[in-house]
Amino acid sequence: MSGLSKSRYVMFRQCEKSLWLEAYKKNVKKIDDSRKSVFENGQRVGDIAKGLFSPSVDVTTYKQNNAEDKDLVAMVAKTKEEMKKGTPVICEASFFFEDNYCAVDILRKTEDGWAIYEVKSVTDINSSKKRDQLMEFTWDISYQKWLLEQNDVNVTGTYLVYLDNTYIRQGELDLQKLFIIKDMADIVSEELPKVKDLVDRAMKVLANPEEPEQELSRVCEKPYKCMFWDYCTRNLPKPSVFDV
């Protein structure tokens with residue numbers, strides 16, 4: 001796709017150059033084992049969390065003869081169909097707006113509209129060490145709310161779903177105890193007014209064929225080490241000050 005997704009928007013919020021590289025030089029991206037583990041754990045936790053609310057419908061659809069390439073157009077169409085039917089919980093609910101896309105992990109019908117639940121495979125999100133992660137999740141959820149509102153969806157709640165590391169399983173898995181649901185309304189309300197201008201800026205980055213200049217800084221490693229780190233530091237001496 002040529003526009004934004006949740007991950008692309010978050011990438012832009014952390015570093016404009018990383019968004020450009022994702023679009024124009026994706027082949028220089030390096031995903032180390034720890035980051036692969038984060039992705040894999042996220043997928044597993046997301047699949048488990050879909051059982052929090054039932055009954056639910058998962059609109060995930062793949063293109064014919066390709067078990068990895070999602071059919072986003074079909075997913076958007078299925079989402080509209082399920083919302084029209086009043087399906088109480090839709091997993092991977094998908095939306096487009098001006099070539100920008102998002103899939104909501106869990107979209108739950110409420111009395112007056114729909115609530116967003118974003119699932120993350122993290123714990124102890126309120127600790128000071130997780131402040132950068134919480135900000136990243138705020139960017140993610142705010143982008144989703146903005147995009148849904150462009151589709152005339154009344155978003156009545158924004159929630160972060162994450163793991164409770166104090167839960168000890170005894171017998172069958174209790175999803176209500178495994179997960180913590182954090183109301184993100186206050187911090188999302190602060191971030192939301194910024195989203196439209198940021199999306200416009202991000203689209204200008206994507207439309208520019210010239211690679212942007214970007215100085216190395218703390219954003220290269222927080223909350224995760226950038227997957228384009230090796231590319232951006234390719235001209236530094238080895239070892240460098242960043243190896244200290």
About how many Å separate [atom2] of [Y] and [atom1] of [X], when rounded to the nearest 0.5 Å?
X: L134; Y: K182; atom1: CG; atom2: NZ; result: 6.0 Å
X: E118; Y: T158; atom1: CD; atom2: OG1; result: 11.0 Å
X: C102; Y: R8; atom1: SG; atom2: CZ; result: 14.5 Å
X: L236; Y: L216; atom1: CG; atom2: CG; result: 6.0 Å
X: M184; Y: D140; atom1: CE; atom2: CG; result: 9.0 Å
X: M227; Y: C220; atom1: CE; atom2: SG; result: 13.0 Å

So that I can tick it off, tell me whether [Y] and [X] are bridged by a salt bridge, with the cut-off set at under 4.0 angstrom between side-chain N and carboxylate O.
X: R218; Y: D132; answer: yes
X: D200; Y: K196; answer: yes
X: K194; Y: E191; answer: yes
X: K50; Y: D47; answer: yes
X: E82; Y: K84; answer: no
X: E136; Y: R13; answer: no
X: R169; Y: D174; answer: no

Side chain to side chain contact (heavy atoms under 4.5 Å, CB included) with [X]: which of [options]?
X: L4; options: V10, L19, L147, D99; result: L19
X: S94; options: L72, V76, V73; result: V76
X: L148; options: F95, W114, Y143, F97; result: F95

For R234, give me all partners under salt bridge (charged side-chain N to carboxylate O under 4.0 Å, His left out), at least two apart in sequence or on another chain.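 R234 satisfies salt bridge (charged side-chain N to carboxylate O under 4.0 Å, His left out) with no residue once adjacent residues are dropped.
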Query - Partner set under salt bridge (charged side-chain N to carboxylate O under 4.0 Å, His left out) for D71, not counting sequence neighbours - result: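 Salt bridge (charged side-chain N to carboxylate O under 4.0 Å, His left out) check on D71 returns nothing, list empty.
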Grab the two heavy atoms, one from [X] and one from [Y], that are nearest each other, plus how far apart they are.
X: I90; Y: A93; answer: CG2-CB, 3.8 Å
X: C232; Y: L21; answer: SG-CD1, 4.0 Å
X: Q214; Y: C15; answer: CG-SG, 3.8 Å
X: P88; Y: P55; answer: CG-O, 3.9 Å
X: Y101; Y: M75; answer: OH-CE, 3.8 Å

> Of K29, K17, K25, which meets side-chain hydrogen bond (donor to acceptor under 3.5 Å, both in side chains) against Y231?
Replying inline: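 Filter result, single survivor: K25.
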**Study point:** Aromatic ring pairing F12/Y9, orientation class (parallel under 30°, perpendicular over 60°, tilted between)
**Key:**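 Tilted, since the angle between the ring planes falls between 30° and 60°.
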Does atom CD1 of I31 have more than 12 heavy-atom neighbours, drawn from other residues, nucleotides or ligands, at distances under 6.0 Å?
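Counting other residues, nucleotides and ligands, CD1 of I31 exceeds 12 neighbours.
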message = Please determine whether the number of non-hydrogen atoms from other residues, nucleotides or ligands lying under 6.0 Å from atom NZ of K80 exceeds 12.
response =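 Open: at most 12 neighbouring heavy atoms sit under 6.0 Å from NZ of K80.
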Q. Could you go step by step and tell me if Y167 and F179 meet the ring pair (Phe, Tyr, Trp, His ring centres under 6.0 Å) rule?
A. CA-CA 9 Å; Y167 170 63; F179 291 103; 9.3 Å; no
Can you check side chain to side chain donor-acceptor pair (under 3.5 Å) on T61 and K70, steps first, answer last?
CA-CA 6 Å; T61 308; K70 291 182 179 179; over 6 Å; no
Margin query: Keeping W20 on the side-chain end and A207 on the backbone end, is there a donor-acceptor pair under 3.5 Å?
Written below: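 No, because the side chain of W20 does not come within donor-acceptor range (under 3.5 Å) of the backbone of A207.
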Without hydrogens or angle criteria, can the side chains of D164 and T166 be said to hold a donor-acceptor pair below 3.5 Å?
->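 There is such a pair between these side chains.
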### Query
Between D58 and T60, is a side chain to side chain donor-acceptor pair (under 3.5 Å) present by the stated rule, with each step listed?
CA-CA 6 Å; D58 191 324; T60 302; 2.6 Å; yes
Under 6.0 Å between ring centres: does that hold for Y162 and F137?
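No, they do not, as the ring centres are separated by 6.0 Å or more.
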#### Entry: Pair S7-S5, side chain to side chain donor-acceptor pair (under 3.5 Å): steps then yes or no
CA-CA 5 Å; S7 60; S5 61; 3.2 Å; yes
